[in-house]
Amino acid sequence: LGPRLARLIMSKSANEKQRHNEVARRGRERLNNLIKSLRRVVPWLNTPEMNDCSKVVILEQTVAFLEFQRVQLKVLQQVCKRLHEENASLLSRIQRFPPG
């Protein structure tokens with residue numbers, strides 16, 4: 001290979017490496033910003049025990065928390081539905097009484 005071709009190949013390789021590093025850096029930055037956002041939303045992520053955890057552990061714990069919250073929401077929806085039905089039943093009973 002001639003010196004110009006060798007420099008061109010090295011230059012292209014360096015540019016690809018630089019581009020790869022930039023993509024990786026942006027990915028790390030996005031992940032760090034996501035972790036920061038999660039820490040604002042999920043209070044127990046700010047506990048001393050969680051400060052030293054890896055990002056993977058933080059994400060796993062957050063997923064577990066969200067799954068638990070989803071189950072709690074379903075339970076709450078069922079309770080609300082039952083209360084709504086009971087209220088409707090009580091209202092119809094009250095409306096059957098004569099005024100006064």
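What you see is a predicted model, and the numbers here were worked out from it, not measured in a lab.
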What pairs of donor and acceptor atoms, side-chain ones from residues 66-95 against any protein atom, are under 3.5 angstrom apart with sequence neighbours left out?
residue : atom : partner : partner atom : Å
N87     : ND2  : L83     : O            : 3.4
S92     : OG   : S89     : O            : 2.8

Pairs flagged by ring pair (Phe, Tyr, Trp, His ring centres under 6.0 Å) wherever residues 10-34 is involved - sequence neighbours left out: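 Found none.
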Identify all side-chain donor-acceptor contacts of residues 29-45 below 3.5 Å with residues at least two apart in sequence or on another chain.
residue : atom : partner : partner atom : Å
E29     : OE1  : R25     : NH1          : 2.9
N32     : OD1  : K55     : NZ           : 2.5
N32     : ND2  : R28     : O            : 3.3
N33     : ND2  : E29     : O            : 3.4
S37     : OG   : N33     : O            : 3.1
S37     : OG   : R40     : NH2          : 3.2
R39     : NH1  : L45     : O            : 2.4

